[in-house]
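We count ligands from 1, going down the list as the structure has it; atoms in each ligand are counted the same way.
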Amino acid sequence: MTKFSDLNLDPKVLKAIDDAGYESPTPIQEGAIPPALEGRDVLGIAQTGTGKTASFTLPMITMLGKGRARARMPRSLVLCPTRELAAQVAENFDTYTKYHKKLSKALLIGGVSFKEQDRLIDKGVDVLIATPGRLLDHVERGKLLLTGVQVMVVDEADRMLDMGFIPDIERIFGLTPFTRQTLFFSATMAPEIERITNTFLSNPARVEVARQATASENIEQVVMMFKGSRKDREGTEKRKALRKLIDAEGDACTNAIIFCNRKMDVDVVAKSLKKYGYDAAPIHGDLDQSQRTKTLDGFREGGLRFLVASDVAARGLDVPSVSHVFNFDVPSHAEDYVHRIGRTGRAGRDGKAVMICVPRDEKNFDAIEKLIQKQITRIDNPLKPADAPAPSEARADGASPAREDKPKRTRARSRNKPKDDSPKTEVQADAPVVAAEVEPAKAEPKPEAPKQAPRENNTRSRSNRGRGGGNNNVVGLGDHLPGFIAMSFEERSAN
Ligand code: AMP
């Protein structure tokens with residue numbers, strides 16, 4: 001078996017890996033680190049949870065160990081689709097640069113003041129981790145030059161595509177030197193991704209660790225086909241079924257992420273679980289950044305057992321010990337299922353994914369089984385007819401049945417006029433201007449939607465850039481900026 005020490009990594013990186021408790025490289029690390037260290041371009045086809053972040057951060061740190069950064073000219077660049085993911089990559093750098101006191105980094109994401117980011121860039125950074133829109137903002141303000149970038153990483157390229165960031169990525173490629181090394185990661189290889197890699201990567205080492213859009217084998221997947229006794233009780237009964245499913249897992253369910261398709265359902269489900277004594281909190285793009293950070297930190301640190309989430313959490317969130325994922329709704333895009341359940345069973349651990357499927361979701365469910373090329377095990381409905389909640393019980397579940405079955409309907413209708421009750425992506429259902437950087441809009445078949453929502457927020461139109469007004473601002477971290485985001489490695493070591 002390959003050991004980290006076989007991979008030619010810097011001894012100080014090896015020491016940090018040892019401290020992190022990793023015993024051996026994962027397949028993507030084993031495949032990507034050697035060519036990256038040789039200076040070759042790498043095309044990594046790997047889903048999240050495979051250890052892909054370390055597969056680019058470890059060689060980068062080894063390579064950047066020599067040399068120093070110049071003011072406003074970062075030596076390397078990591079592009080991420082969301083703020084959460086960027087912050088997570090930054091945390092990875094913190095972990096692995098433990099013994100590289102001199103390497104500095106800056107995180108350029110929406111919601112953090114330009115002033116603080118400018119200060120770090122002015123000092124010169126070795127590693128710049130950014131979302132595409134914010135990066136281009138800095139470039140356009142003349143505060144940042146990408147001509148010194150020796151290594152450029154594009155992480156989660158397929159998500160970039162979903163969010164309409166590909167034109168920005170192409171532009172950023174054009175601003176970096178032709179001689180740069182490119183490390184490019186994507187869970188899937190859509191034709192557009194293939195085109196980008198053909199254009200911007202030079203004879204890359206292709207490292208593929210999983211079949212396209214397959215879920216890890218160590219995740220047990222089950223589904224409960226569910227039909228409410230009456231349409232107006234479906235929501236209440238579904239939430240009761242969810243509680244039964246959670247209870248059925250017993251102590252094996254140490255913590256879980258519960259995914260809903262719509263933000264309004266995230267709130268309702270979290271509220272309902274709390275009401276029934278479950279330790280649950282919601283997270284979605286409508287909550288301000290400080291609230292989201294607080295909830296995520298609580299979940300990561302084990303202070304919160306159930307995180308009720310929209311797809312915002314499906315990507316950036318890395319909680320190594322999530323025992324379960326519950327899909328309260330069948331995601332309307334089959335690939336989201338793979339990403340959602342990829343939150344459990346990470347880095348070789350076992351995990352379990354439980355989904356509830358109502359009749360109107362069966363088409364989406366079929367698409368999932370087709371994509372993963374596997375039949376998901378059917379389990380019995382834990383609600384016997386007699387178990388269906390009585391009206392009084394239903395009222396205890398968050399709100400009165402009548403009100404609860406139509407949560408915030410008026411608001412959603414008045415904004416977006418959905419024609420029916422079928423699950424919509426969040427942006428369709430209730431899209432605040434601020435949500436889209438982390439709430440990928442995939443409002444197919446309307447082709448404009450995927451581009452529009454993120455553009456307004458993260459890659460907003462060029463004419464708006466730099467004016468500092470209008471809807472430019474993503475909900476801010478404000479005064480609640482987590483310390484690690486603003487820190488450079490240097491500063492951390494000084495503390
Ligand atoms: P990623 O796919 O980069 O999101 O990584 C998923 C998780 O695997 C993270 O929690 C990493 O800390 C962890 N991890 C990365 N590499 C290894 C390794 N070689 N051994 C064990 N865990 C790892």
Side-chain angles (χ1 to χ4, degrees), residues 1-10 13-34 36-37 42 44-62 78-98 127 129 153-159 183-188 207-210 213-219 254-255 257 296-297 299-302 307 309 312-323 325 338-351 484:
M1 192 173 51
T2 309
K3 297 195 290 284
F4 275 113
S5 54
D6 300 331
L7 297 179
N8 273 333
L9 290 163
D10 181 326
V13 171
L14 290 176
K15 203 158 171 241
I17 294 170
D18 201 43
D19 290 354
Y22 302 166
E23 282 169 11
S24 53
T26 63
I28 185 74
Q29 291 162 2
E30 201 179 324
I33 292 173
L37 284 174
V42 173
I45 304 163
Q47 58 193 338
T48 186
T50 54
K52 73 176 162 58
T53 316
S55 78
F56 62 81
T57 44
L58 301 180
M60 279 173 83
I61 296 164
T62 298
V78 182
L79 291 173
C80 302
T82 66
R83 285 175 286 174
E84 273 82 2
L85 190 60
Q88 204 164 280
V89 169
E91 281 182 84
N92 269 260
F93 269 101
D94 283 344
T95 305
Y96 308 132
T97 52
K98 198 170 163 189
V127 184
I129 305 158
V153 178
V154 179
D155 195 15
E156 307 247 349
D158 48 347
R159 199 55 161 190
L183 311 175
F184 193 99
F185 291 83
S186 185
T188 58
V207 186
E208 188 163 357
V209 297
T214 47
S216 298
E217 289 301 322
N218 52 335
I219 303 172
T254 49
N255 60 350
I257 304 178
L296 275 183
D297 286 350
F299 189 62
R300 276 203 184 102
E301 285 153 18
L307 183 70
V312 59
R315 281 288 175 151
L317 182 59
D318 172 32
V319 184
S321 55
V322 171
S323 70
V325 163
V338 180
H339 296 306
R340 285 182 182 188
I341 73 166
R343 304 301 90 203
T344 182
R346 309 200 81 177
R349 293 178 182 84
D350 287 336
F484 73 86

Q: Going by the order shown, which atoms of ligand 1 are within less than 4.0 Å of some heavy atom of Thr53?
A: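 Near Thr53, meaning under 4.0 Å from one of its heavy atoms, ligand 1 has 1 (P), 3 (O), 4 (O).
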
Q: Are side-chain heavy atoms of Leu7 and Pro34 found at a separation under 4.5 Å?
A: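 Yes; the side chains approach each other to less than 4.5 Å.
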
Q: Tell me whether Glu156 contacts the main-chain N or O of Cys80 through its side chain, where contact means a donor paired with an acceptor under 3.5 Å.
A: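 Answer holds: no.
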
Q: Ligand 1 and Tyr96, any nitrogen or oxygen pair closer than 3.5 angstrom?
A: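 No.
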
Q: Please check if any side-chain donor atom of Thr53 sits under 3.5 Å from a side-chain acceptor atom of Asn92, or the reverse.
A: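 On atom types as modelled, these side chains do not qualify, holding no pair under 3.5 Å.
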
Q: Report yes if some N/O of Gln88 lies less than 3.5 Å from some N/O of ligand 1; otherwise report no.
A: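 Checking ligand 1 against Gln88, no N or O pair falls under 3.5 Å apart.
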
Q: Below 4.0 angstrom, N of the basic side chain to O of the carboxylate: do Asp297 and Arg300 qualify?
A: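 Yes, this pair counts.
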
Q: Just verifying a value: how many Å separate Phe4 CZ and Asp18 CG, rounded to the nearest 0.5 Å?
A: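 Going from the CZ atom of Phe4 to the CG atom of Asp18 covers 10.0 Å.
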
Q: Which residue, Asp155, Thr26, Thr57, forms the side-chain hydrogen bond (donor to acceptor under 3.5 Å, both in side chains) with Lys52?
A: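 One option only clears the test, and that one is Asp155.
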
Q: Return yes when Ser24 approaches ligand 1 closer than 4.0 angstrom through a heavy atom, no otherwise.
A: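 Checking ligand 1 against Ser24, which is what was asked, there is a heavy-atom contact under 4.0 Å.
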
Q: Going by the closest heavy atom to atom 1 (P) of ligand 1, which one wins out of Gly51, Gly342, Ala54?
A: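 The residue whose heavy atom sits nearest atom 1 (P) of ligand 1 is Gly51.
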
Q: Quick one: look at Glu23 and ligand 1, take heavy-atom pairs under 4.0 Å, and tell me if it's side chain, backbone, both or neither.
A: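 Neither; nothing of Glu23 gets under 4.0 Å from ligand 1.
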
Q: Within the 4.0 Å heavy-atom shell around Phe4, which atoms of ligand 1 are there?
A: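 Checking each atom against Phe4, I get 19 (N).
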
